[in-house]
Protein chains: 2
Amino acid sequence: MTHTAAFTAVKTVKAYERVVEQIEGAISRRELRPGDRLPSERELMLTFEVSRSTIREALRVLESTGLVRSRPGDPRGPEVLQASPAILAKTVNRLVRLETIALSELVEFRIMLEGAACTLAAQRRTEVQLNEMCSAIDAMQAEVAHGPVAFSQADVAFHVSVWAASQNQLLQICGEATRGALIDMVSDELDRAPDSQARMELSLAHDREILAAISAGDGATAGRLARSFVIEYYGDIISPESRAALGNVAYEAPV
Amino acid sequence: MTHTAAFTAVKTVKAYERVVEQIEGAISRRELRPGDRLPSERELMLTFEVSRSTIREALRVLESTGLVRSRPGDPRGPEVLQASPAILAKTVNRLVRLETIALSELVEFRIMLEGAACTLAAQRRTEVQLNEMCSAIDAMQAEVAHGPVAFSQADVAFHVSVWAASQNQLLQICGEATRGALIDMVSDELDRAPDSQARMELSLAHDREILAAISAGDGATAGRLARSFVIEYYGDIISPESRAALGNVAYEAPV
DNA sequence: CAGAGTGTACTGGTCTGACCATGTGTGTCA
DNA sequence: TGACACACATGGTCAGACCAGTACACTCTG
């Protein structure tokens, strides 16, 4: 009986996939950094020894994952991009739309992230960050007169500043992605906002409360407020038991 | 003075992007369902009136998004796939690897997720899920004798079952991604595990405690235990103040 | 008639070579 | 020194070709 080596499954690796692998690897090994330029397609086909079609297919998937961007006519070649949560938001969005992920799960997740971010922000915010949040609130106040769209932008700016103050980029990224996906999903309903004026005033009041807690360094309160406001905002989406379970997702500093 | 219409920004839409849009739209409108077949590339180039290269580039991005799959030689054409969160996990993983995320941030994030998952699991777990967790614990017990690697796998299985019981896929996915990234980053230190036997026993004891809390439906305790164990495990990585701040990231059901 | 084996037509993967519109950088000209 | 125009390389797209692989129908055999 002949000795049978521990053969491993053979999978055909397509040429463009190997190109993607190598470029992606170079990026994740930091050999290529955001702003750097890839060689032109015609140069790449020489170094990888494949045709331009293959190179282009590889660039398309790298582009669809947000790693690079090609611009016609640019002699400097494709640009390596800064990794952005936007692509994450798009992916989440698609999954939710295809009903792989329930909207209620998304809301739940957002409640957790928002609460945690506010608690951490209260505990860690610097004076500068506090000032930024105050300015953001002032901007919101100013935008109330300019309608829901402008107001919503200012609202986002405030929350971004809160996330930044949490000093945790992952929280920031996931929060951003979740918010983006959520906004997309429920924007239809917000379009026909019944009494936008009241809504804006309410949001503003809520954010002021959160800011006060953050300013006071009261993480527990900040987190609790944030959670309850998100729950209130998306209340009709999530189930009552979820609403109850998520209400006290505290993120409190130890005694 | 001529009347200036409300012009909108013109952005060049590449041909393959429009193809992607249409196919993606058909999928999200449920005109194409998982298992359905797309026309062959040669047919698609006729219906879209573009060249095959363009069709192929479109298919590559759809494939990288996990929406379709092409197999060479299949006369039935590219297959429409069931949307899967796996692609999301990959995206999160890449973001974690790419973004200059401090190890401490990663640990922090994991503490939050783990705590939230255990709390939710305690509140939502079904009997079946509870049994699965018990089996996972038993498996861990059995693997203690087979060394740290086998044990670690069983450990992961237990935590996966906990995440599943939390009934929130986003939590599950992000938890999985964070765990993976964390393992990658600290694997060096774990390789030279000083007293693996003791470590395994400790992990096992911890997991048993968590299981008991989940079994009892005590979300607050489950969350608190999980958080403190993660903190203990990665204690030397995160700063003392983080350790303190994260200790009480509770996820309690309301009274 | 049933089943095993063969054949074939069409598939996707890859390549070559070509054309076009566009952006950059250079060189020119005032 | 400044504005301007040009040339060149780039990405986007196309047409046509070849190859290896798969599904399905067809044939041959028992």
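Order of the sequence lines sets the chain letters (A, B, ...), proteins ahead of strands, with each chain counted from 1.
- As rounded to whole Å, 14 Å separates atom P of C:dG23 from atom CZ of A:Arg37.
- Using a cutoff of 4.0 Å between basic side-chain nitrogens and carboxylate oxygens, A:Arg71 and A:Glu79 are not scored as salt-bridged.
- Residue-level contact check: A:Thr54 touches the backbone only, with heavy atoms under 4.0 Å from sugar-phosphate atoms and none from bases.
- Remark: B:Glu57 does not engage B:Lys14 in a salt bridge, criterion side-chain N to carboxylate O under 4.0 Å.
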What is the per-nucleotide protein-contact pattern of nucleotides 3-12 of chain D, from the 5' end, where B denotes a base atom under 4.0 Å from a protein heavy atom, S denotes such proximity for sugar-phosphate atoms only, and - denotes neither? -------BBB
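- The separation between B:Phe48 atom CZ and D:dT13 atom P is 14 Å, rounded to whole Å.
- The pair A:Arg125-A:Glu127 meets the salt-bridge criterion, with a side-chain N (NZ, NE, NH1 or NH2) lying under 4.0 Å from an Asp/Glu carboxylate O.
- A salt bridge links A:Glu63 and A:Arg60; the closest N-O separation between the charged side-chain nitrogens and carboxylate oxygens is under 4.0 Å.
- In this entry the distance linking CD1 of B:Ile55 with C1' of D:dT13 reads 12 Å, nearest Å.
- If you measure from atom CZ of A:Arg18 to atom P of C:dG13, you get 13 Å, rounded to the nearest angstrom.
- Between B:Glu108 and A:Arg124, at least one side-chain N (NZ, or NE/NH1/NH2) sits under 4.0 Å from a carboxylate O, which counts as a salt bridge.
- A donor-acceptor contact under 3.5 angstrom links the side chains of A:Ser64 and B:Ser64, judged on distance only.
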